[in-house]
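Worksheet for the structure shown next.
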Amino acid sequence: MLRAAALLGPRLGRRCLSLAASATVPTPNEHPEIFYNKIFINNEWHDAISQKTFPTINPSTGDVICQVAEGDKADVDKAVKAAREAFRHGSPWRKMDASERGKLLNRLADLIERDRAYLATLETLDNGKPYSISYLVDLDMVVKCIRYYAGWADKYHGKTIPMDGDYFSYTRHEPVGVCAQIIPWNFPLLMQAWKLGPALATGNVVVMKVAEQTPLTALYVANLIKEAGFPPGVVNIIPGYGPTAGAALASHMDVDKVAFTGSTEVGSLIQVAAGSSNLKKVTLELGGKSPNIILSDANMDLAVEQAHFALFFNQGQCCCAGSRTYVQEDIYSEFVERSVARAKARVVGNPFDSRTEQGPQVDKEQYKKILGYISSGKDEGAKLLCGGGPAADRGYFIQPTIFGDVQDNMTIAREEIFGPVMQIMKFKTVEEVVERANDSRYGLAAAIFTKDLDKANYLSQVLQAGTVWINCYDVFGAQCPFGGYKMSGNGRELGEYGLQAYTEVKTVTIKVPQKNS
Amino acid sequence: MNVPAPLTNLKIQYTKIFINNEWHASVSGKKFPVINPATEEKICDVEEGDKEDVNKAVKAARQAFQLGSPWRTMDASERGRLLNKLADLVERDRQLLATMESMNAGKIFATAYTMDLGSSVNVLRYYASWADKIQGRTIPIDGKFFSYTRHEPVGVCGQIIPWNFPLLMLMWKIGPALCCGNTVVLKPAEQTPLTALHIASLIKEAGFPPGVVNIVPGYGPTAGAAISSHMDVDKVAFTGSTEVGLLIKQAAGKSNLKRVSLELGGKSPCIVFADADLDNAVEFAHFGLFFHQGQCCTAASRLFVEEPIYNEFVKRSIERAKKYTLGNPLNPEVQQGPQIDKEQYNKILDLIESGKKEGAKLECGGGPWGDKGYFIQPTVFSNVTDDMRIAKEEIFGPVQQIMKFKTIDEVIKRANNTHYGLSGAVFTKDLDKALTVSSVLQSGTVWVNCYGVISPQAPFGGFKMSGNGRELGEYGLHEYTEVKTVTIKISEKNS
């Protein structure tokens with residue numbers, strides 16, 4: 001779990017972390033063979049109809065890993081047709097016992113566990129995240145998520161309803177139908193699991209578009225989906241670009257629902273596309289600028305380490321990154337000093353090296369964007385305390401960077417940076433920090449560090465965020481719903497709540513000659 | 001039930017914009033006329049809300065939603081008590097509201113009194129009792145953490161309602177919204193604002209704090225659009241045409257990604273098998289189409305009858321359709337009132353003409369009635385084929401289409417062959433047919449051996465382009481809830 005990484009840090013320290021990691025983590029092969037780089041439809045591999053391909057890059061070096069088939073509208077049409085056919089009344093998937101769907105999902109989890117080392121290696125190669133984290137955290141959470149939803153398959157009950165009158169009324173929880181799922185590059189495998197889990201548990205069929213930066217692990221899983229025994233057409237995966245393949249899905253007249261994780265900007269386009277086509281259901285998991293509030297009575301060691309983790313984890317590339325660190329006046333100086341020391345000690349380098357804590361950013365576009373934000377911080381008068389530029393001449397590495405004395409109106413305090421750039425702000429009172437924390441169009445997550453019961457309860461109530469952490473950060477469980485308030489999203493993923501978006505409720509009301517309670 | 005006579009000399013007391021429990025003139029000074037569709041005469045003028053008035057209302061609703069406000073700090077059970085009090089007041093003013101609804105919306109008075117008012121009170125009381133039963137969960141998360149969810153209100157909810165069931169649609173919207181602790185800015189249909197404004201006065205009388213409910217009468221392209229694209233409205237709920245539903249969803253995506261729920265049109269299939277109880281099927285199919293002059297989103301507007309009983313079914317349906325006295329809906333002798341306005345009236349007549357032109361067999365009716373008011377004769381077409389306009393487009397008028405089918409596989413395919421998916425029905429005595437056909441129809445509600453049975457306990461909403469989300473039942477609470485997960489680190493966990 002992410003929390004595994006969170007807790008290892010403060011208790012063991014960096015050297016021990018790498019020893020512990022290497023004790024349980026198999027040695028990676030830094031040049032793994034690529035088996036699957038085409039479009040997956042009906043359990044078969046297809047070239048793009050246009051024959052086009054695009055390169056996927058290793059962000060540690062900037063080199064091309066391999067070419068991948070580039071799906072576009074015509075490939076989307078093919079995939080949607082296949083999915084629709086697999087969803088037909090009387091098809092193997094529609095007639096399957098719900099428990100059998102659960103068995104297939106558990107089988108998929110088994111296969112992912114079998115190929116854990118290979119998948120972790122491929123994830124690191126394509127995304128740049130440290131291999132030990134891919135292996136211990138990403139893959140662990142992927143398996144847990146799929147097993148969690150495997151368990152729900154035959155338990156998501158409809159209801160019988162005590163309706164007025166001589167009627168017998170009940171609800172069926174039916175699958176929504178053909179679900180388009182557009183996933184990002186920051187946690188490629190995990191985002192795939194978060195999407196497939198609830199969709200397949202409830203009996204839907206899927207057309208998934210994977211991020212162009214990181215298609216490889218999802219395509220390998222496609223083959224595991226076939227190996228696990230899912231019928232053809234139930235899951236289809238298309239590598240390709242947003243404005244082409246993604247847009248084709250969002251405006252397709254025969255897609256019943258679209259689920260998107262990515263930027264708020266593209267989230268808006270998706271909602272508009274749904275409203276301009278066939279009113280498909282929409283769920284969105286978007287950006288954030290999450291406040292992390294450190295009160296003066298907090299456990300200082302814990303707060304410093306967690307705040308560091310909250311921002312820098314995954315190279316700062318988390319939608320819920322704690323990117324506004326509000327520190328109460330009394331402890332501000334000490335907190336800043338310790339945070340700077342911690343950031344300076346952060347090991348940046350080859351993600352396959354077990355000592356590395358931070359790999360490269362995912363691509364050149366992100367790299368440039370983050371450096372642009374760092375410039376704005378300097379220009380707008382924030383105090384650069386460490387880092388502030390590239391960390392290597394090759395690959396997209398950026399130095400862990402901290403700005404102090406940040407004001408709320410600075411660009412770095414308002415916009416999502418998605419990089420290893422920490423903003424530390426000072427506050428006086430609880431009332432003040434609540435107003436400042438909530439003064440954002442985002443609302444994905446928030447955290448509070450305090451020992452005080454009343455403060456914890458008050459702040460968790462009033463912060464406008466879909467998840468509030470207390471004395472911790474980035475604690476996820478497949479059991480707990482996750483999603484955004486305001487422009488950070490529509491709807492929730494994970495937990496029982498995550499099943500709602502993949503369910504179409506049908507009410508059946510039957511006239512009966514006499515009703516008894 | 002003993003239905004009293006309608007009130008004579010009904011005085012319209014409330015014609016302004018309701019914000020913060022006060023009555024406001026429109027910022028622009030403009031007013032618009034409200035018409036009686038049976039007589040085409042003006043009932044009164046009402047203040048015309050536009051963007052500026054919506055802004056005022058949203059500000060008031062936002063203020064009422066502030067942390068620490070009376071509404072946010074109120075016990076959930078107290079919210080329930082207020083909703084029950086509102087229901088009491090609606091019951092007290094039942095005769096007045098039924099008269100107003102009948103006059104403004106063209107509804108048969110006895111139906112308005114028994115059904116519209118009765119159901120309105122039931123929905124309020126149903127949601128009143130949910131208020132303190134909206135439960136979050138404690139969750140067995142992995143690791144040494146205590147995790148729970150809070151079911152918070154979404155915030156400022158824009159609600160845009162139609163003219164076919166003005167009062168009932170208002171209750172379907174404010175019931176769950178207020179039960180969950182939200183604040184509301186509601187725009188009633190421009191054709192039928194009067195009962196909504198009377199309810200506003202009862203909301204104040206019941207004791208809801210100022211700003212919790214605000215009502216802005218006005219038009220769709222102005223006030224409605226202002227709500228759906230407002231940057232400080234957290235959610236919009238719309239009931240109306242699919243065409244406008246698309247605009248609302250786009251507006252939400254272009255503005256602030258407000259949450260959207262939609263209850264839109266339908267072209268609902270009613271399937272009658274040869275083994276059905278024929279009298280029951282004829283009567284329910286008839287009621288399913290002709291209720292409230294055909295102006296129901298659930299209207300049974302594609303009637304598929306199995307070949308062996310087709311001719312007899314058509315014969316009995318025609319007889320039934322001829323049994324209507326049209327006229328002023330306040331008159332107790334009358335069974336069918338007018339269509340809501342000239343635009344609808346023209347649209348329905350146009351579709352009737354298309355039926356004739358495209359070769360359907362006109363069995364009765366087929367044109368206007370009377371020399372005043374928007375009345376249309378109850379009309380039945382038989383030998384309708386699936387490609388005709390009357391078989392594909394939503395008519396929203398007293399026009400019944402009867403089609404023939406041979407086999408069960410054929411009729412399921414035909415029934416599902418539409419972008420709509422609001423409701424449907426199956427008439428059969430056979431257990432297996434009832435269960436299998438109801439499971440494969442792509443509709444949010446399927447009735448078996450009945451039609452149009454709606455009650456606050458059972459969720460209602462559309463598959464496909466008939467809508468997003470569900471209203472009524474426990475499911476109706478989802479749309480008005482924002483889920484927050486709180487996860488707290490603890491030193492030791494025990495199950």
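In what follows, chains are A, B, ... by sequence order, proteins preceding strands, each numbered from 1.
The parts of Gln461(A) that come within reach of chain B are both its backbone and its side chain, each placing non-hydrogen atoms under 4.5 angstrom from that chain. Only the side chain of Leu286(A) comes within contact range of chain B, with heavy atoms under 4.5 Å apart. With a threshold of 4.5 angstrom between heavy atoms, Val260(B) approaches chain A through side-chain atoms but not through N, CA, C or O. With a 4.5 angstrom heavy-atom cutoff, Tyr485(A) touches chain B via backbone and side-chain atoms both. Heavy-atom distances place the side chain of Ser147(B), and not its backbone, under 4.5 Å from chain A. Looking at Leu472(B), there are no atoms closer than 4.5 Å to chain A (heavy atoms on both sides), in backbone or side chain. Heavy-atom distances place the side chain of Asn457(A), and not its backbone, under 4.5 Å from chain B. Using a 4.5 Å cut-off between heavy atoms, Ile248(B) does not touch chain A at all. Only the side chain of Tyr148(B) comes within contact range of chain A, with at least one heavy atom under 4.5 Å from a heavy atom of that chain. Residue Leu67(B) touches chain A through its side chain alone, counting heavy-atom pairs closer than 4.5 Å. Proximity to chain B (any heavy atom under 4.5 Å) is shown, for Val282(A), by both the backbone and the side chain. Residue Phe463(B) touches chain A through both its backbone and its side chain, counting heavy-atom pairs closer than 4.5 Å. The contact between Ser255(B) and chain A is made entirely by backbone atoms, counting heavy-atom distances below 4.5 Å. Contact annotation for Phe168(A): neither backbone nor side-chain heavy atoms come within less than 4.5 Å of a heavy atom of chain B. Only the side chain of Leu262(B) has a heavy atom closer than 4.5 Å to any heavy atom of chain A. In this structure, chain A has heavy atoms under 4.5 Å from both the backbone and the side chain of Arg137(B). Looking at Ala273(A), there are no atoms closer than 4.5 Å to chain B (heavy atoms on both sides), in backbone or side chain.
Contact annotation for residues 234-247 of chain B against chain A (heavy-atom separation below 4.5 Å, listed by residue number): Thr242(B), Gly245(B), Leu246(B).
The shortest distance between side-chain heavy atoms of Arg492(A) and Thr485(B) does not fall below 4.5 Å. Using a 4.5 Å heavy-atom cutoff, the side chains of Glu482(B) and Gln464(A) are not in contact. Between Asp164(A) and Gln457(B) the shortest side-chain heavy-atom distance falls below 4.5 Å. When side chains are defined from C-beta on, Lys486(A) does not count as touching Asn256(B), because their heavy atoms never get closer than 4.5 Å. The side-chain heavy atoms of Gln442(B) and Glu504(A), taken from C-beta on, include no pair separated by under 4.5 Å.
Counting heavy-atom pairs closer than 4.5 Å to chain B, the top-ranked of the candidates Val462(A), Thr467(A), Ile270(A), Val468(A) is Val468(A). Ranked by non-hydrogen atom pairs under 4.5 Å with chain A, the options Phe146(B), Phe460(B), Trp447(B), Tyr475(B) are led by Tyr475(B). Ranked by non-hydrogen atom pairs under 4.5 Å with chain A, the options Val483(B), Val154(B), Ile490(B) are led by Val483(B). Across Gly444(B), Cys450(B), Gly424(B), the residue that shares the most heavy-atom pairs under 4.5 angstrom with chain A is Gly444(B). Ranked by heavy-atom pairs under 4.5 Å with chain B, the first of Gly489(A), Ala445(A), Ser169(A) is Gly489(A). Chain A forms the most heavy-atom pairs under 4.5 Å with one residue out of Ala425(B), Pro456(B), Gly421(B), Ser439(B), and that residue is Ser439(B). Residue with the most contacts toward chain A among Asn449(B), Leu264(B), Val440(B), Thr445(B): Val440(B) (heavy-atom pairs, distance under 4.5 Å). Residue with the most contacts toward chain A among Asn122(B), Thr149(B), Leu257(B): Leu257(B) (heavy-atom pairs, distance under 4.5 Å). Per-residue counts of heavy-atom pairs under 4.5 Å with chain B were compared for Glu496(A), Lys159(A), Lys280(A), Arg94(A); the largest is that of Lys159(A).
Note: Arg172(A) CZ to Leu435(B) CG = 9.5 Å, rounded to the nearest 0.5 Å. Rounded to the nearest 0.5 angstrom, Asn278(A) CG and Met465(B) CE are separated by 6.0 Å. In this structure, the separation between CG on Asn471(A) and OG on Ser491(B) is 11.0 Å, given to the nearest 0.5 Å. The CD1 atom of Ile510(A) sits 8.5 Å away from the CG atom of Leu431(B) when rounded to the nearest 0.5 Å. Rounding to the nearest 0.5 angstrom, the gap separating the OH atom in Tyr148(A) from the CG atom in Asp142(B) is 10.5 Å. Expressed to the nearest 0.5 Å, how far NZ of Lys413(B) lies from NE2 of His89(A) amounts to 12.0 Å.
Residue-environment remark: NE2 (His419(B)) stays at or below the threshold of 12 foreign heavy atoms within 6.0 Å. For Glu435(A), the CD atom is loosely surrounded, since the number of other residues' heavy atoms within 6.0 Å does not exceed 12.
Formation of a donor-acceptor pair under 3.5 Å by the Gln479(A) side chain with backbone atoms of Ile141(B) is not found in this model.
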Exercise. For Ser455(B) and Tyr167(A), what are the C-alpha separation, side-chain angles and deciding distance, and is it a side chain to side chain donor-acceptor pair (under 3.5 Å)?
Worked result: CA-CA 10 Å; Ser455(B) 196; Tyr167(A) 301 98; over 6 Å; no

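Leu463(A) and Lys484(B) get closest at one heavy-atom pair: O-NZ, 2.6 Å. Across all non-hydrogen atoms, the minimal contact from Tyr497(A) to Gly136(B) is OH-CA, 4.3 Å. Between Pro481(A) and Ile139(B), the closest heavy-atom pair is CD-CD1, 3.7 Å. Summarising the geometry of Lys258(B) relative to Gln271(A), their closest heavy-atom pair is O-NE2, 4.3 Å, with the distance given to 0.1 Å.
Screening Val453(B), Val448(B), Asp277(B), Asn280(B) against Lys511(A) for a side-chain contact (heavy atoms from CB on, under 4.5 Å) leaves a single residue, Asn280(B).
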